[in-house]
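Per chain, numbering begins at 1; letters A, B, ... match sequence-line order.
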Amino acid sequence: MSLHLYNTLTNKKELFKPIQEDYVRIYSCGQTIYDDVHVGNARTYSAWDILNRYLKWKGYDVFHIMNITDVGHLTDDADQGEDKVEKAAKKEKLEPMELVTRQILLFYKEIEKLNIDFADIYPRATGHMVEMIEAVKKILKHGYAYEKNGTIYFNVMKFEKDYGYPVLGGRKLEDLLAGEGGRVSEDELKEKNSHYDFALWIKADKGHMMKWPSPWGEGYPGWHLECSVMSTKYLGKVFDIHTGGIDHIFPHHPNERAQNITMNKTDEEPIKYWLHSDFITVNGEKMSKSKGNFYTIRELLEEYEPEAIRTLFASTHYRSQSDFSISSLEEAEKKLERLRNTIRKAKESKGGDKDNLLRAIENVKNEFEDAMDDDLNTPLALSKLIQFTGKINNNLDSKPNILDEAVITLEELAGILGIDLSEKREKSQDAAPYIDFILEIREKLRKEKLYSIADEIRDELQKKGLAIEDTEEGARWYIKGKT
RNA sequence: GCUGGGGUGACAGAGCGGCUAAUGUGACCGCCUGCAGAGCGGUUUUCCGAGGGUUCGAAUCCCUCCCCCAGCUCCA
(Lines give C-alpha, C1' and ligand atoms only; values in the text may rest on other atoms or scores of the structure.)
Protein backbone atom coordinates (compact mmCIF):
# COMPACT_ATOMS: atom_id res chain seq x y z
CA MET A 1 0.00 0.00 0.00
CA SER A 2 1.07 3.53 -0.45
CA LEU A 3 -0.01 6.67 1.28
CA HIS A 4 -3.65 7.63 0.97
CA LEU A 5 -5.01 10.85 2.40
CA TYR A 6 -8.55 11.98 2.91
CA ASN A 7 -9.09 14.99 0.70
CA THR A 8 -11.85 17.32 1.80
CA LEU A 9 -12.01 18.73 -1.71
CA THR A 10 -13.28 15.44 -3.08
CA ASN A 11 -14.54 13.89 0.14
CA LYS A 12 -12.64 10.70 -0.24
CA LYS A 13 -9.40 9.02 0.46
CA GLU A 14 -7.04 9.47 -2.44
CA LEU A 15 -3.69 8.07 -3.34
CA PHE A 16 -1.14 10.73 -2.50
CA LYS A 17 0.95 11.79 -5.44
CA PRO A 18 2.99 14.94 -5.10
CA ILE A 19 3.34 17.28 -8.03
CA GLN A 20 7.08 16.77 -8.05
CA GLU A 21 8.29 13.28 -7.46
CA ASP A 22 10.23 13.64 -4.22
CA TYR A 23 9.15 17.01 -3.03
CA VAL A 24 6.05 17.95 -1.07
CA ARG A 25 4.86 21.48 -0.48
CA ILE A 26 2.55 22.02 2.46
CA TYR A 27 0.75 25.06 3.74
CA SER A 28 -0.75 24.89 7.20
CA CYS A 29 -3.16 27.32 8.71
CA GLY A 30 -1.52 28.41 11.89
CA GLN A 31 -3.07 30.51 14.49
CA THR A 32 -4.24 33.96 15.20
CA ILE A 33 -1.62 34.92 17.62
CA TYR A 34 -3.44 36.80 20.31
CA ASP A 35 -3.71 34.08 22.90
CA ASP A 36 -1.93 31.04 24.31
CA VAL A 37 -1.77 27.71 22.54
CA HIS A 38 -4.41 25.36 23.85
CA VAL A 39 -4.83 21.59 23.53
CA GLY A 40 -7.02 21.99 20.50
CA ASN A 41 -4.44 23.99 18.60
CA ALA A 42 -1.74 21.61 19.68
CA ARG A 43 -3.70 18.59 18.56
CA THR A 44 -4.01 20.03 15.10
CA TYR A 45 -0.36 21.00 14.86
CA SER A 46 0.57 17.59 16.13
CA ALA A 47 -1.42 16.00 13.32
CA TRP A 48 0.46 17.99 10.69
CA ASP A 49 3.71 17.31 12.43
CA ILE A 50 3.03 13.60 12.08
CA LEU A 51 2.18 14.13 8.43
CA ASN A 52 5.47 15.92 7.91
CA ARG A 53 7.53 13.38 9.76
CA TYR A 54 5.88 10.53 7.99
CA LEU A 55 6.41 12.05 4.57
CA LYS A 56 10.06 12.60 5.40
CA TRP A 57 10.38 9.06 6.65
CA LYS A 58 8.94 7.92 3.35
CA GLY A 59 11.74 9.75 1.64
CA TYR A 60 10.12 12.97 0.53
CA ASP A 61 11.60 16.39 0.94
CA VAL A 62 9.01 18.47 2.68
CA PHE A 63 8.72 22.21 2.52
CA HIS A 64 6.31 23.37 5.16
CA ILE A 65 4.85 26.81 5.64
CA MET A 66 2.70 27.75 8.58
CA ASN A 67 1.23 31.19 8.69
CA ILE A 68 0.85 33.37 11.71
CA THR A 69 -2.10 35.67 11.62
CA ASP A 70 -1.26 38.90 13.32
CA VAL A 71 -3.86 41.13 11.73
CA GLY A 72 -7.23 40.97 10.07
CA HIS A 73 -9.03 38.43 12.18
CA LEU A 74 -12.11 40.11 13.46
CA THR A 75 -14.07 39.33 16.54
CA ASP A 76 -17.44 39.65 14.90
CA ASP A 77 -17.79 38.10 11.51
CA ALA A 78 -15.53 38.21 8.55
CA ASP A 79 -16.00 41.82 7.73
CA GLN A 80 -16.77 43.78 10.79
CA GLY A 81 -15.97 44.05 14.42
CA GLU A 82 -12.73 44.56 16.17
CA ASP A 83 -9.44 43.06 15.23
CA LYS A 84 -8.66 40.26 17.67
CA VAL A 85 -5.06 41.17 18.07
CA GLU A 86 -5.90 44.78 18.61
CA LYS A 87 -8.57 43.96 21.11
CA ALA A 88 -6.37 41.66 23.16
CA ALA A 89 -3.55 44.21 23.06
CA LYS A 90 -5.81 46.98 24.29
CA LYS A 91 -6.96 44.84 27.13
CA GLU A 92 -3.40 44.36 28.28
CA LYS A 93 -2.42 47.92 27.39
CA LEU A 94 0.14 46.74 24.90
CA GLU A 95 1.09 47.81 21.44
CA PRO A 96 -0.48 45.21 19.11
CA MET A 97 2.89 44.15 17.77
CA GLU A 98 4.19 43.91 21.30
CA LEU A 99 1.52 41.38 22.12
CA VAL A 100 2.20 39.54 18.90
CA THR A 101 5.91 39.31 19.63
CA ARG A 102 5.31 38.00 23.07
CA GLN A 103 2.83 35.40 21.87
CA ILE A 104 5.00 34.27 19.01
CA LEU A 105 7.93 33.66 21.32
CA LEU A 106 5.70 31.65 23.59
CA PHE A 107 4.27 29.79 20.64
CA TYR A 108 7.72 28.73 19.46
CA LYS A 109 8.70 27.57 22.92
CA GLU A 110 5.64 25.46 23.37
CA ILE A 111 5.84 23.99 19.90
CA GLU A 112 9.37 22.96 20.67
CA LYS A 113 8.49 21.47 24.02
CA LEU A 114 5.77 19.46 22.36
CA ASN A 115 8.34 18.06 19.98
CA ILE A 116 6.56 19.52 16.98
CA ASP A 117 9.08 20.14 14.24
CA PHE A 118 9.31 23.76 13.24
CA ALA A 119 7.92 24.73 9.89
CA ASP A 120 10.39 26.06 7.35
CA ILE A 121 8.78 29.47 7.28
CA TYR A 122 6.32 31.15 9.61
CA PRO A 123 5.17 34.05 7.47
CA ARG A 124 3.18 36.79 9.14
CA ALA A 125 0.32 38.66 7.60
CA THR A 126 1.67 42.08 8.53
CA GLY A 127 4.87 41.31 6.68
CA HIS A 128 3.01 40.81 3.41
CA MET A 129 0.94 43.93 3.13
CA VAL A 130 2.41 44.94 -0.21
CA GLU A 131 1.71 41.53 -1.70
CA MET A 132 -1.80 41.54 -0.32
CA ILE A 133 -2.59 44.89 -1.87
CA GLU A 134 -1.20 43.61 -5.16
CA ALA A 135 -3.42 40.56 -4.88
CA VAL A 136 -6.50 42.69 -4.36
CA LYS A 137 -5.56 44.70 -7.43
CA LYS A 138 -5.25 41.54 -9.47
CA ILE A 139 -8.56 40.17 -8.35
CA LEU A 140 -10.19 43.52 -9.15
CA LYS A 141 -8.53 43.55 -12.53
CA HIS A 142 -9.70 40.07 -13.29
CA GLY A 143 -13.21 41.15 -12.46
CA TYR A 144 -13.95 39.17 -9.34
CA ALA A 145 -14.14 42.00 -6.85
CA TYR A 146 -15.76 45.39 -6.45
CA GLU A 147 -15.28 48.41 -4.25
CA LYS A 148 -17.81 49.93 -1.90
CA ASN A 149 -16.71 52.93 0.14
CA GLY A 150 -13.13 51.92 0.44
CA THR A 151 -13.85 48.27 1.14
CA ILE A 152 -13.20 45.65 -1.51
CA TYR A 153 -15.51 42.67 -1.68
CA PHE A 154 -15.02 39.43 -3.48
CA ASN A 155 -17.79 38.65 -5.93
CA VAL A 156 -18.78 35.14 -4.99
CA MET A 157 -21.68 34.88 -7.44
CA LYS A 158 -19.50 35.63 -10.41
CA PHE A 159 -16.90 33.20 -9.23
CA GLU A 160 -19.59 30.60 -8.72
CA LYS A 161 -20.78 31.11 -12.27
CA ASP A 162 -17.33 30.86 -13.83
CA TYR A 163 -15.69 28.24 -11.70
CA GLY A 164 -18.24 26.76 -9.37
CA TYR A 165 -17.85 27.74 -5.79
CA PRO A 166 -15.56 25.29 -4.09
CA VAL A 167 -17.54 22.53 -2.55
CA LEU A 168 -15.51 21.57 0.44
CA GLY A 169 -16.88 19.04 2.83
CA GLY A 170 -19.84 18.27 0.58
CA ARG A 171 -21.34 21.68 0.89
CA LYS A 172 -22.99 23.72 -1.78
CA LEU A 173 -23.42 27.40 -2.01
CA GLU A 174 -27.19 27.18 -1.61
CA ASP A 175 -26.73 25.36 1.65
CA LEU A 176 -25.14 28.42 3.04
CA LEU A 177 -27.79 30.82 1.87
CA ALA A 178 -30.08 31.63 4.69
CA GLY A 179 -28.49 29.00 6.85
CA GLU A 180 -29.55 29.50 10.35
CA GLY A 181 -30.39 32.84 8.95
CA GLY A 182 -29.50 36.41 9.07
CA ARG A 183 -26.43 36.79 11.07
CA VAL A 184 -25.46 39.32 8.50
CA SER A 185 -26.06 42.83 9.65
CA GLU A 186 -28.20 45.33 7.84
CA ASP A 187 -25.24 47.59 7.21
CA GLU A 188 -23.28 44.86 5.67
CA LEU A 189 -26.09 43.72 3.42
CA LYS A 190 -26.52 47.24 2.22
CA GLU A 191 -22.95 47.34 1.07
CA LYS A 192 -22.44 43.92 -0.35
CA ASN A 193 -23.97 42.82 -3.59
CA SER A 194 -24.55 39.45 -2.16
CA HIS A 195 -24.69 37.94 1.19
CA TYR A 196 -21.90 35.51 0.36
CA ASP A 197 -19.41 38.12 -0.68
CA PHE A 198 -16.54 38.57 1.66
CA ALA A 199 -14.06 41.35 2.15
CA LEU A 200 -10.61 41.30 0.62
CA TRP A 201 -9.68 44.69 1.95
CA ILE A 202 -11.52 46.55 4.65
CA LYS A 203 -11.68 50.26 5.16
CA ALA A 204 -10.39 51.22 8.58
CA ASP A 205 -12.85 52.86 10.90
CA LYS A 206 -11.78 55.74 12.99
CA GLY A 207 -9.72 54.52 15.90
CA HIS A 208 -8.69 51.30 14.21
CA MET A 209 -5.01 50.95 15.00
CA MET A 210 -3.81 48.29 12.62
CA LYS A 211 -4.19 49.90 9.24
CA TRP A 212 -2.15 50.51 6.11
CA PRO A 213 -2.37 52.90 3.19
CA SER A 214 -3.77 51.45 0.00
CA PRO A 215 -5.14 52.67 -3.32
CA TRP A 216 -8.57 52.58 -1.66
CA GLY A 217 -7.61 54.54 1.41
CA GLU A 218 -6.43 53.37 4.78
CA GLY A 219 -7.49 49.89 5.60
CA TYR A 220 -6.49 46.39 6.46
CA PRO A 221 -6.70 43.00 4.78
CA GLY A 222 -9.56 40.55 5.08
CA TRP A 223 -8.87 37.38 6.93
CA HIS A 224 -8.64 34.99 4.00
CA LEU A 225 -6.30 37.03 1.90
CA GLU A 226 -3.05 36.39 3.71
CA CYS A 227 -3.17 32.67 3.15
CA SER A 228 -3.69 33.00 -0.58
CA VAL A 229 -0.89 35.51 -0.85
CA MET A 230 1.63 33.78 1.34
CA SER A 231 1.02 30.31 -0.01
CA THR A 232 1.44 31.59 -3.55
CA LYS A 233 4.54 33.52 -2.62
CA TYR A 234 6.37 30.64 -0.96
CA LEU A 235 4.88 27.57 -2.55
CA GLY A 236 3.81 28.75 -5.97
CA LYS A 237 0.50 28.93 -7.76
CA VAL A 238 0.00 25.21 -7.48
CA PHE A 239 1.09 23.12 -4.55
CA ASP A 240 0.38 19.82 -2.82
CA ILE A 241 -1.24 19.97 0.58
CA HIS A 242 -3.18 22.51 2.56
CA THR A 243 -4.06 21.72 6.14
CA GLY A 244 -6.23 23.27 8.75
CA GLY A 245 -8.85 22.71 11.39
CA ILE A 246 -12.29 21.43 10.51
CA ASP A 247 -13.69 24.89 11.18
CA HIS A 248 -11.92 26.13 8.10
CA ILE A 249 -13.89 23.90 5.77
CA PHE A 250 -16.15 26.88 5.62
CA PRO A 251 -15.76 29.74 5.09
CA HIS A 252 -12.03 30.23 5.21
CA HIS A 253 -10.77 27.60 2.82
CA PRO A 254 -13.32 27.91 0.01
CA ASN A 255 -12.76 31.64 0.07
CA GLU A 256 -9.06 31.21 0.09
CA ARG A 257 -9.24 28.86 -2.84
CA ALA A 258 -11.44 31.29 -4.76
CA GLN A 259 -8.85 33.99 -4.21
CA ASN A 260 -6.03 31.76 -5.34
CA ILE A 261 -7.83 30.94 -8.53
CA THR A 262 -8.87 34.46 -9.38
CA MET A 263 -5.66 36.23 -8.46
CA ASN A 264 -3.40 33.71 -10.15
CA LYS A 265 -5.75 32.93 -13.00
CA THR A 266 -4.89 29.28 -12.95
CA ASP A 267 -7.08 26.79 -14.66
CA GLU A 268 -5.38 24.05 -12.75
CA GLU A 269 -6.65 23.17 -9.31
CA PRO A 270 -4.31 25.25 -7.17
CA ILE A 271 -4.13 22.95 -4.16
CA LYS A 272 -4.29 19.23 -4.62
CA TYR A 273 -5.11 17.92 -1.16
CA TRP A 274 -7.04 19.66 1.59
CA LEU A 275 -6.66 18.06 4.99
CA HIS A 276 -8.75 18.96 7.98
CA SER A 277 -8.43 17.81 11.53
CA ASP A 278 -11.38 17.56 13.85
CA PHE A 279 -11.82 19.42 17.09
CA ILE A 280 -11.19 18.41 20.63
CA THR A 281 -13.93 18.45 23.19
CA VAL A 282 -13.35 18.62 26.90
CA ASN A 283 -15.29 16.21 29.02
CA GLY A 284 -17.73 15.83 26.17
CA GLU A 285 -18.31 19.52 25.68
CA LYS A 286 -16.97 21.89 23.15
CA MET A 287 -13.97 23.65 24.50
CA SER A 288 -14.66 27.30 25.01
CA LYS A 289 -13.50 30.07 27.18
CA SER A 290 -16.97 30.95 28.33
CA LYS A 291 -17.46 27.44 29.67
CA GLY A 292 -14.11 27.63 31.37
CA ASN A 293 -13.19 24.18 30.12
CA PHE A 294 -10.09 25.43 28.45
CA TYR A 295 -6.71 23.78 28.79
CA THR A 296 -3.70 25.67 27.59
CA ILE A 297 -0.52 23.84 26.81
CA ARG A 298 1.25 26.02 29.28
CA GLU A 299 -0.82 24.77 32.19
CA LEU A 300 -0.78 21.15 31.06
CA LEU A 301 2.98 21.18 30.84
CA GLU A 302 3.19 22.25 34.43
CA GLU A 303 1.96 18.84 35.44
CA TYR A 304 2.36 16.49 32.56
CA GLU A 305 5.09 15.50 30.20
CA PRO A 306 4.96 16.67 26.63
CA GLU A 307 5.48 13.07 25.53
CA ALA A 308 2.30 12.08 27.29
CA ILE A 309 0.41 14.78 25.43
CA ARG A 310 1.80 13.55 22.13
CA THR A 311 0.90 9.99 23.01
CA LEU A 312 -2.62 11.13 23.71
CA PHE A 313 -2.84 12.94 20.38
CA ALA A 314 -1.56 9.89 18.55
CA SER A 315 -4.20 7.78 20.25
CA THR A 316 -7.05 9.18 18.20
CA HIS A 317 -7.32 9.66 14.50
CA TYR A 318 -6.90 13.24 13.35
CA ARG A 319 -10.26 13.27 11.61
CA SER A 320 -12.13 12.05 14.67
CA GLN A 321 -13.40 14.28 17.31
CA SER A 322 -11.52 13.47 20.42
CA ASP A 323 -12.53 14.09 23.94
CA PHE A 324 -9.85 15.49 26.16
CA SER A 325 -9.83 14.88 29.85
CA ILE A 326 -7.21 14.53 32.50
CA SER A 327 -8.01 10.85 32.78
CA SER A 328 -7.42 10.37 29.06
CA LEU A 329 -4.11 12.10 29.47
CA GLU A 330 -3.24 9.84 32.35
CA GLU A 331 -4.11 6.84 30.27
CA ALA A 332 -1.73 8.11 27.63
CA GLU A 333 0.92 8.39 30.32
CA LYS A 334 0.55 4.69 30.96
CA LYS A 335 1.06 3.84 27.32
CA LEU A 336 4.15 5.97 27.33
CA GLU A 337 5.43 4.22 30.42
CA ARG A 338 4.96 0.89 28.77
CA LEU A 339 6.99 1.96 25.77
CA ARG A 340 9.71 3.33 27.98
CA ASN A 341 9.82 0.33 30.29
CA THR A 342 10.37 -1.93 27.36
CA ILE A 343 13.21 0.14 26.05
CA ARG A 344 14.75 0.24 29.48
CA LYS A 345 14.52 -3.52 29.83
CA ALA A 346 15.95 -4.12 26.39
CA LYS A 347 18.84 -1.78 26.99
CA GLU A 348 19.66 -3.37 30.30
CA SER A 349 19.35 -6.91 29.10
CA LYS A 350 22.56 -8.84 28.52
CA GLY A 351 20.82 -10.66 25.74
CA GLY A 352 21.18 -14.23 24.62
CA ASP A 353 21.33 -15.99 21.33
CA LYS A 354 17.76 -15.97 20.12
CA ASP A 355 16.93 -14.30 16.86
CA ASN A 356 13.18 -14.67 16.46
CA LEU A 357 12.75 -11.02 17.32
CA LEU A 358 14.02 -10.32 13.85
CA ARG A 359 10.71 -11.25 12.33
CA ALA A 360 8.80 -9.09 14.82
CA ILE A 361 10.94 -6.13 13.82
CA GLU A 362 10.13 -6.70 10.18
CA ASN A 363 6.46 -7.08 11.00
CA VAL A 364 6.09 -4.00 13.11
CA LYS A 365 7.68 -1.88 10.42
CA ASN A 366 5.25 -3.18 7.84
CA GLU A 367 2.22 -2.94 10.06
CA PHE A 368 3.12 0.53 11.16
CA GLU A 369 3.53 1.65 7.61
CA ASP A 370 0.28 0.06 6.51
CA ALA A 371 -1.57 1.83 9.28
CA MET A 372 0.01 5.17 8.49
CA ASP A 373 -0.53 4.77 4.78
CA ASP A 374 -4.22 4.58 5.47
CA ASP A 375 -4.80 8.27 6.02
CA LEU A 376 -2.41 8.41 8.96
CA ASN A 377 -4.14 5.92 11.20
CA THR A 378 -2.07 6.79 14.23
CA PRO A 379 -4.16 4.91 16.81
CA LEU A 380 -3.64 1.69 14.89
CA ALA A 381 0.01 2.48 14.31
CA LEU A 382 0.52 3.14 17.99
CA SER A 383 -1.20 -0.08 18.95
CA LYS A 384 1.22 -1.93 16.70
CA LEU A 385 4.10 -0.39 18.59
CA ILE A 386 2.61 -1.44 21.87
CA GLN A 387 2.12 -4.95 20.58
CA PHE A 388 5.73 -4.87 19.58
CA THR A 389 6.76 -4.08 23.16
CA GLY A 390 5.24 -7.39 24.17
CA LYS A 391 7.39 -9.12 21.60
CA ILE A 392 10.51 -7.43 22.89
CA ASN A 393 9.71 -8.24 26.49
CA ASN A 394 9.26 -11.86 25.55
CA ASN A 395 12.58 -11.94 23.80
CA LEU A 396 14.95 -10.14 26.08
CA ASP A 397 17.31 -13.06 25.55
CA SER A 398 17.82 -12.18 21.91
CA LYS A 399 21.21 -11.51 20.41
CA PRO A 400 22.39 -8.10 21.61
CA ASN A 401 22.54 -6.61 18.14
CA ILE A 402 18.98 -7.71 17.46
CA LEU A 403 17.86 -6.21 20.73
CA ASP A 404 19.56 -2.99 19.73
CA GLU A 405 17.78 -3.01 16.45
CA ALA A 406 14.45 -3.56 18.15
CA VAL A 407 15.03 -0.55 20.36
CA ILE A 408 16.11 1.59 17.44
CA THR A 409 13.03 0.55 15.50
CA LEU A 410 10.70 1.32 18.35
CA GLU A 411 12.26 4.72 18.93
CA GLU A 412 12.23 5.54 15.26
CA LEU A 413 8.60 4.64 14.70
CA ALA A 414 7.39 6.30 17.87
CA GLY A 415 9.34 9.33 16.74
CA ILE A 416 7.18 9.57 13.64
CA LEU A 417 4.20 9.90 15.93
CA GLY A 418 6.03 12.70 17.69
CA ILE A 419 6.68 10.60 20.76
CA ASP A 420 10.25 11.04 21.87
CA LEU A 421 11.38 7.92 23.69
CA SER A 422 15.00 8.83 23.97
CA GLU A 423 16.32 8.85 27.46
CA LYS A 424 15.56 11.96 29.37
CA ARG A 425 18.39 14.11 30.38
CA GLU A 426 18.06 13.30 33.98
CA LYS A 427 17.62 16.43 35.92
CA SER A 428 19.09 14.96 39.02
CA GLN A 429 22.23 13.68 37.37
CA ASP A 430 24.10 15.46 40.12
CA ALA A 431 22.22 13.46 42.69
CA ALA A 432 22.94 10.14 41.01
CA PRO A 433 26.00 9.16 43.10
CA TYR A 434 24.09 9.85 46.28
CA ILE A 435 21.07 7.89 45.16
CA ASP A 436 23.35 5.02 44.21
CA PHE A 437 24.95 5.23 47.63
CA ILE A 438 21.61 5.15 49.41
CA LEU A 439 20.56 2.15 47.38
CA GLU A 440 23.77 0.34 48.21
CA ILE A 441 23.05 0.78 51.88
CA ARG A 442 19.51 -0.34 51.31
CA GLU A 443 20.85 -3.42 49.58
CA LYS A 444 22.87 -4.26 52.67
CA LEU A 445 19.80 -3.83 54.84
CA ARG A 446 17.91 -6.20 52.56
CA LYS A 447 20.66 -8.78 52.84
CA GLU A 448 20.31 -8.49 56.59
CA LYS A 449 16.56 -8.92 56.06
CA LEU A 450 15.89 -5.58 57.65
CA TYR A 451 13.00 -5.13 55.27
CA SER A 452 11.01 -2.53 57.09
CA ILE A 453 13.86 -0.03 56.95
CA ALA A 454 14.61 -0.98 53.36
CA ASP A 455 10.99 -0.48 52.41
CA GLU A 456 10.88 2.83 54.15
CA ILE A 457 13.83 4.02 52.11
CA ARG A 458 12.18 2.83 48.95
CA ASP A 459 8.91 4.56 49.81
CA GLU A 460 10.66 7.81 50.50
CA LEU A 461 12.60 7.71 47.25
CA GLN A 462 9.42 6.89 45.38
CA LYS A 463 7.70 9.85 46.90
CA LYS A 464 10.43 11.97 45.48
CA GLY A 465 9.61 10.68 42.02
CA LEU A 466 12.02 7.81 41.61
CA ALA A 467 11.06 4.33 40.56
CA ILE A 468 13.02 1.68 42.43
CA GLU A 469 13.18 -1.83 41.10
CA ASP A 470 14.96 -4.68 42.82
CA THR A 471 16.63 -7.13 40.50
CA GLU A 472 19.08 -10.00 40.92
CA GLU A 473 21.89 -7.58 40.31
CA GLY A 474 20.72 -5.12 42.87
CA ALA A 475 18.34 -2.21 42.77
CA ARG A 476 17.87 -0.02 39.73
CA TRP A 477 16.35 3.39 39.75
CA TYR A 478 15.03 5.88 37.27
CA ILE A 479 13.08 9.05 37.29
CA LYS A 480 9.46 8.38 36.85
CA GLY A 481 7.12 10.56 34.86
CA LYS A 482 7.75 14.23 34.73
CA THR A 483 11.20 15.25 35.77
C1' G B 1 -33.64 23.52 9.59
C1' C B 2 -29.36 22.37 6.42
C1' U B 3 -24.27 19.96 5.98
C1' G B 4 -20.70 16.61 7.83
C1' G B 5 -18.98 12.87 11.35
C1' G B 6 -20.40 9.31 14.82
C1' G B 7 -23.04 5.40 18.06
C1' U B 8 -18.23 -1.25 19.09
C1' G B 9 -16.87 -4.91 25.84
C1' A B 10 -16.37 -1.35 32.57
C1' C B 11 -13.51 2.71 29.84
C1' A B 12 -10.47 4.46 25.68
C1' G B 13 -10.10 3.01 20.69
C1' A B 14 -9.11 0.08 15.80
C1' G B 15 -11.69 -2.77 12.26
C1' C B 16 -15.81 -0.79 7.39
C1' G B 17 -18.22 -7.69 3.39
C1' G B 18 -15.64 -13.61 5.26
C1' C B 19 -10.09 -16.46 10.49
C1' U B 20 -12.37 -17.36 17.89
C1' A B 21 -14.15 -8.53 16.38
C1' A B 22 -7.23 -5.56 17.17
C1' U B 23 -4.75 -3.01 21.03
C1' G B 24 -4.38 -0.54 25.67
C1' U B 25 -6.41 0.60 30.49
C1' G B 26 -9.26 -1.26 34.59
C1' A B 27 -10.79 -5.69 37.46
C1' C B 28 -9.59 -10.73 38.90
C1' C B 29 -6.17 -15.11 39.12
C1' G B 30 -1.36 -17.06 38.52
C1' C B 31 4.30 -16.71 37.64
C1' C B 32 8.32 -13.70 39.39
C1' U B 33 9.54 -10.88 44.24
C1' G B 34 11.14 -10.96 51.35
C1' C B 35 7.10 -7.50 49.90
C1' A B 36 6.55 -4.30 45.93
C1' G B 37 7.61 -2.38 41.02
C1' A B 38 8.34 -3.59 36.03
C1' G B 39 7.53 -7.76 33.03
C1' C B 40 5.17 -12.48 31.56
C1' G B 41 0.77 -15.93 31.22
C1' G B 42 -4.45 -16.43 31.87
C1' U B 43 -9.61 -14.78 32.95
C1' U B 44 -13.27 -10.62 32.24
C1' U B 45 -19.34 -16.30 30.00
C1' U B 46 -21.98 -14.35 22.72
C1' C B 47 -19.30 -5.52 23.09
C1' C B 48 -20.94 -3.90 17.03
C1' G B 49 -27.80 2.06 19.01
C1' A B 50 -33.00 -0.23 17.12
C1' G B 51 -35.71 -2.47 13.20
C1' G B 52 -35.98 -4.07 8.25
C1' G B 53 -33.41 -5.43 3.58
C1' U B 54 -29.28 -7.08 0.05
C1' U B 55 -25.80 -11.37 0.34
C1' C B 56 -23.71 -18.10 0.71
C1' G B 57 -21.89 -14.57 4.49
C1' A B 58 -22.64 -7.73 7.55
C1' A B 59 -20.23 -4.24 13.00
C1' U B 60 -18.96 -3.47 7.89
C1' C B 61 -23.46 -2.26 1.93
C1' C B 62 -28.91 -0.16 1.37
C1' C B 63 -33.56 1.85 3.75
C1' U B 64 -36.28 3.65 8.11
C1' C B 65 -36.04 5.26 13.06
C1' C B 66 -33.66 6.83 17.76
C1' C B 67 -29.56 9.24 20.06
C1' C B 68 -24.71 12.07 20.32
C1' C B 69 -21.10 15.67 18.45
C1' A B 70 -19.47 19.41 15.31
C1' G B 71 -20.15 23.12 11.45
C1' C B 72 -23.57 26.68 9.11
C1' U B 73 -20.93 33.41 13.42
C1' C B 74 -14.47 34.35 14.94
C1' C B 75 -12.22 29.68 16.21
C1' A B 76 -7.19 24.52 15.40
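Residue A:Lys345 is classed as a base contact, given a heavy-atom separation below 4.0 Å to a base. Residue A:Gly40 is classed as a base contact, given a heavy-atom separation below 4.0 Å to a base. A:Ser328 comes within 4.0 angstrom of no nucleic acid atom, judged by non-hydrogen atoms across all strands.
Checking the phosphate oxygens (OP1, OP2) of B:G39, a side-chain nitrogen or oxygen of A:Asn341 falls inside 4.0 Å. For A:Asn11, no side-chain nitrogen or oxygen approaches OP1 or OP2 of B:U3 to under 4.0 Å. A sub-4.0 Å separation between OP1 or OP2 of B:C40 and a side-chain N or O of A:Arg338 is present. Residue A:Asn377 places at least one side-chain N or O closer than 4.0 Å to OP1 or OP2 of B:G15.
Stacking between A:Tyr451 and B:G34 is present: the aromatic ring centre lies within less than 5.5 angstrom of the base six-membered ring centre, and the two planes differ by under 30 degrees.
Summarising the geometry of A:Ile419 relative to A:Ala314, their closest heavy-atom pair is CD1-CB, 4.4 Å, with the distance given to 0.1 Å.
Of the candidate nucleotides B:A76, B:C35, B:G13, B:C35 has the atom nearest to the side chain of A:Arg446. Out of B:A22, B:C11, B:G34, the shortest distance to the side chain of A:Asp455 is found at B:G34. Of the candidate nucleotides B:G41, B:G13, B:A76, B:G41 has the atom nearest to the side chain of A:Asn394. For A:Gln321, taking side-chain heavy atoms from C-beta onward, the closest of the listed nucleotides B:G34, B:C69, B:A14 is B:C69. Across B:A12, B:A70, B:A14, the shortest atom-to-atom separation from the side chain of A:Phe279 is found for B:A70. With B:A14, B:C40, B:C35 as the choices, the nucleotide that has an atom nearest any side-chain atom of A:Ser320 turns out to be B:A14.
Positionally, the nearest nucleotide of RNA chain B for A:Thr389 lies more toward the 5' end than for the other of A:Gly30 and A:Thr389. Of the residues near RNA chain B, A:Asp470 and A:Asp247, the one whose nearest nucleotide (by heavy atom distance) lies more toward the 5' end is A:Asp470.
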TODO: In sequence, state the C-alpha distance, the side-chain angles, and the governing distance for A:Glu412 and A:Arg53, and then conclude on salt bridge (Lys or Arg N to Asp or Glu O under 4.0 Å).
DONE: CA-CA 11 Å; A:Glu412 176 183 318; A:Arg53 288 171 185 267; over 6 Å; no
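B:A59 sits 10 Å from B:G17 when the C1' atoms are compared, rounded to a whole Å.
In this structure B:G4 sits in a base pair with B:C69, meeting the Watson-Crick or G-U test at under 3.5 Å.
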